[in-house]
Amino acid sequence: MRSSQFLITTLKEAPADAEVISQKLMLRAGLIRRLASGVYTWTPMGLRTLRKVEGIVRDEMNRAGALEMLMPAVQPFELWQESGRGDQYGPELLRFKDRHQREFVIGPTHEEVVTDFVRKEIKSYRQLPLHLYQIQTKFRDEIRPRFGVMRGREFLMKDGYSFHTSFEDLQREYRVMFDTYHRIFTRLGLRFRAVAADTGSIGGTGSHEFHVLADSGEDDIAFCPDSDYAANVELAEALAPTTPRPAAGATMANVATPKKSRCEDVAEALNIPLSGLVKTLAIVPETAEGTNTGVVLLLLRGDHDLNEIKADKIEGIGAFRFAREEEVKETLGCIPGFIGPVGIKDGIRVIADRAVAVMADFACGANAYDTHLTGVNFGRDLPEPEVADIRNVVAGDPSPDGKGVLEIVRGIEVGHIFQLRTKYAEALGCTFLSEQGKAEVMEMGCYGIGVTRIVGSAIEQNHDDKGIAFPAAIAPFSVAIVPMGYHKSPAIQQAASELYEELIAAGFDVLLDDRNERPGVMFADMELIGIPQRLVIGEKGLAAGQIEVKGRRDTEASMIDRAGVVDYLRKSFAQ
RNA sequence: CGGCGUGUAGCGCAGCCUGGUAGCGCACUUGUCUGGGGGACAAGGGGUCGCAGGUUCGAAUCCUGUCACGCCGACCA
């Protein structure tokens, strides 16, 4: 491609509302343009990268035996009612009516559609297993779209669905996909990690997320450097401390803590470590009927954070919200900031984190304004609480597999694989006839990859002060030819064109920058866009039969023989 | 959904407090020079100041409403 025939729309300054680096660089490099909140146009330049990502995903899916298809982006809402997800999915589901007042949604995912397809087409065990996938535009009406393409509302996703006659066969396919995903992310040139994940509302058993490691990620991943353990912190178990609770030493006492309602302030005022403090969270479980079952107190160590997903899973808690100020006042007689588990009314359920359960002589709120208690002990000053794992693991916690200590890194979720089992097949009556001629419900797996998001996360991982440094596999062009004095020198024009043709013939994606721009502009643009190799043709080099080459990540350019350019590039991309 | 903030040329911003013919940089157009790191000079084009209403002789500026966008917040008790 010649620049003069292409569209290069680079910007010197990024729009002020761009937040993360990938978003700024994608905007500046002219890869995307925002049309509405969380909705982006992909420019010709940006689309080249998107298509390359797609191509690698497609290639590996096909290689693994999955069959590509294309389902509609628009789906009848009826299907969602049939699966029972219509109500559950909530406002993220973009719904609309057609001219006949029939309800439709723009698909945020396609379990229903694919299951409907399979139940109609597949009748016999002989036709199974079957793995269907598509690369489709999805729409999720996110509360807060942000980070550009990383948390957009409209995005491109590869979603695959497998159908099996048995759980064993599902598990086999799951392992195949686990390996396939490793191949895909490796080929894309990303640093990533597969982590055990919460199965969330989708249900099912086994599940892994694939995260690209980047500080701007929205997920915390706990992993053990000494073993292969890795899990989303949502899921990572905080083991119970192995050391027993020390004996009570201090007497309980009231301490004035005027206006100190934050844990940090209280700890400082009392001159104790944050970990010597117990913070009390008042929550209200919300049952399906919406009836109020009363306030429940959760106890966490001052330096720990609540894991809401773990709390959700406790018997009798389920979905919950934090108690409103009036509710706290009514139940405990005090405002949030000074509440505690001591001396509370009978019947209030108290659940302590495992780490709290082994604390002695701790401090906590006194249920009185501007007052905290010190020297508090379970069994003496208040009843022994219920104990559960309700906190997020932190760096330094023992690994749940018993093999070392956890570290925590940030990650961007770019892939997710699930063993759905029979949830949708059952709801939608997706069955097959077994060898015995009996109708059985199919076992299902589902496997997603955020194609759009991969581009953003690749940039988060690969950039410098000059711009994007794309992995070669997904750069919009692999080689840029930058001629010096192109518009003045027929010799340069000819040499550039010859080189261009030669590289195209050799199979490279070449961009010949034949714009009538000054060299600085061309260099800056090629670097901003992130083209992996740059070739400069100048009068002097030409006379000596040489070409200047510079890799995007190299600090210095070097001269090579004109005749050896193709070999040089092949070698550089083979690495 | 709550709190805060911002809407002025394609992008980045000033002007608003203290009303009086709308500005700067980049980008764009034309010309000349320049030609290895976002070049110089000259001449241009482009804005119902988010929208609606109000106050006023007069509103980008003050008031009210509204829409859009952004940030923060559900937990740090």
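Computed from heavy atoms alone, side chains included, the values below leave out hydrogens, waters and symmetry copies. Here is the naming used below: chain letters follow the sequence lines, and residue numbers restart at 1 for every chain.
- Across all strands shown, B/rU21 remains unpaired; no Watson-Crick or G-U wobble contact has both distances below 3.5 Å.
- In this structure, A/Phe477 has its ring center under 6.0 Å from that of A/Phe6.
- Separating the C1' atom of B/rG10 from that of B/rG45 is a span of 13 Å, rounded to the nearest Å.
- Comparing A/Thr10 and A/Pro15, the nucleotide of RNA chain B nearest to each residue sits closer to the 5' end for A/Pro15.
- Side-chain atoms of A/Asn516 come within donor-acceptor range of the base of B/rG35, with a qualifying N/O pair under 3.5 Å.
- A gap of 14 Å separates the P atoms of B/rC24 and B/rG46, to the nearest Å.
- Of the possible polar contacts, none joining the A/Arg140 side chain to the A/Glu92 backbone as a donor-acceptor pair under 3.5 Å is found.
- A salt bridge is defined here as a Lys NZ or Arg NE, NH1 or NH2 lying under 4.0 Å from an Asp or Glu carboxylate O, and A/Arg146 with A/Glu19 fails to meet this definition.
- A/Ala282 comes within contact range of at least one nucleobase, with a heavy-atom separation under 4.0 Å.
- When both pairing distances are held under 3.5 Å, B/rC41 makes a Watson-Crick or G-U pair with B/rG31.
- Checking B/rG36 for Watson-Crick or G-U wobble geometry (two distances, each under 3.5 Å) identifies no partner in any strand.
- Using P as the reference atom, B/rG50 and B/rA43 are 31 Å apart when rounded to the nearest Å.
- Picking from B/rG37, B/rG39, B/rC75 the nucleotide with the shortest atom distance to the side chain of A/Arg518 gives B/rG39.
- Atom CZ of A/Arg301 and atom P of B/rC76 are 19 Å apart (whole Å).
- Taking a 6.0 Å sphere around CG of A/Asp464, one finds it holds more than 12 heavy atoms contributed by other residues, nucleotides or ligands.
- Here A/Leu11 lies out of heavy-atom contact (under 4.0 Å) with every strand.
- Remark: the A/Lys488 side chain and the B/rG35 base include a donor-acceptor N/O pair separated by less than 3.5 Å.
- When the P atom of B/rC11 is taken as reference, atom CZ of A/Arg33 falls 9 Å away, rounded to whole Å.
- Atom-to-atom, CG of A/Asp17 to P of B/rG5 comes out at 18 Å; the value is rounded to the nearest Å.
- Comparing B/rU21 with B/rA59, their P atoms are spaced 12 Å from each other, to the whole Å.
- With a cut-off of 3.5 Å on both pairing distances, B/rG47 has no Watson-Crick or G-U wobble partner at all.
- Nucleic acid contact for A/Ala16: sugar-phosphate only, since backbone atoms but no base atoms lie under 4.0 Å from a heavy atom of the residue.
- Taking atom P on both nucleotides, B/rG70 is separated from B/rG53 by 27 Å, rounded to a whole Å.
- For the P atoms, the distance from B/rU56 to B/rG12 is 37 Å, rounded to whole Å.
- Residue A/Arg34 is classed as a sugar-phosphate contact, given heavy-atom separations below 4.0 Å to backbone atoms only.
- Side-chain atoms of A/Arg534 come within donor-acceptor range of the base of B/rG37, with a qualifying N/O pair under 3.5 Å.
- Between the CZ atom of A/Phe523 and the P atom of B/rG35 there is a distance of 15 Å, rounded to whole Å.
- Ranking B/rG37, B/rC75, B/rC72 by closeness to the A/Asp305 side chain, first place goes to B/rC75.
- Look at B/rU56: it lacks any Watson-Crick or wobble partner with both distances under 3.5 angstrom.
- A distance of about 15 Å separates the C1' atoms of B/rU61 and B/rG54, rounded to the whole Å.
- Both A/Thr280 and A/Lys12 lie close to RNA chain B; mapped to their nearest nucleotides by heavy-atom distance, the more 5′-ward contact belongs to A/Lys12.
- Counting non-hydrogen atoms under 4.0 angstrom, A/Gly538 reaches a base of the nucleic acid.
- We find that CZ of A/Phe147 is positioned 12 Å from C1' of B/rG70, with the value rounded to whole Å.
- Atom-to-atom, CD1 of A/Ile8 to P of B/rG10 comes out at 23 Å; the value is rounded to the nearest Å.
- Taking the C1' atoms as reference points, B/rA9 lies 23 Å from B/rG20, given to the whole Å.
- Both distances falling under 3.5 Å, in either a Watson-Crick or a G-U wobble arrangement, place B/rC4 opposite B/rG70.
- Remark: the backbone N or O of A/Ala458 is paired with a side-chain donor or acceptor of A/Asn462 at under 3.5 angstrom.
- The closest donor-acceptor contact from the side chain of A/Asn307 to the backbone of A/Ile309 lies under 3.5 Å.
- Within 4.0 Å (heavy atoms only), A/Asp525 reaches at least one base atom of the nucleic acid.
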For this session: Would you sort out whether A/Glu539 and A/Ser489 count as a side chain to side chain donor-acceptor pair (under 3.5 Å), showing the intermediate values?
Result: CA-CA 9 Å; A/Glu539 295 277 8; A/Ser489 160; 3.2 Å; yes
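- For the residue pair A/His463 and A/Ser22, no side-chain donor N or O sits within less than 3.5 Å of a side-chain acceptor on the partner.
- Straight-line distance from the CZ atom of A/Arg515 to the C1' atom of B/rG37: 13 Å, rounded to whole Å.
- Taking side-chain N and O atoms only, A/Ser37 has a distance below 4.0 Å to OP1 or OP2 of B/rG70.
- In this structure, A/Tyr486 atom OH and B/rU34 atom C1' are separated by 20 Å, rounded to whole Å.
- Side-chain N/O atoms of A/Glu517 and base N/O atoms of B/rG39 include no donor-acceptor pair closer than 3.5 Å.
- Base engagement by A/Val536 is indicated by at least one non-hydrogen atom pair under 4.0 Å involving a base atom.
- Pair assignment for B/rU61 gives none, since no Watson-Crick or G-U wobble pairing has each distance under 3.5 Å.
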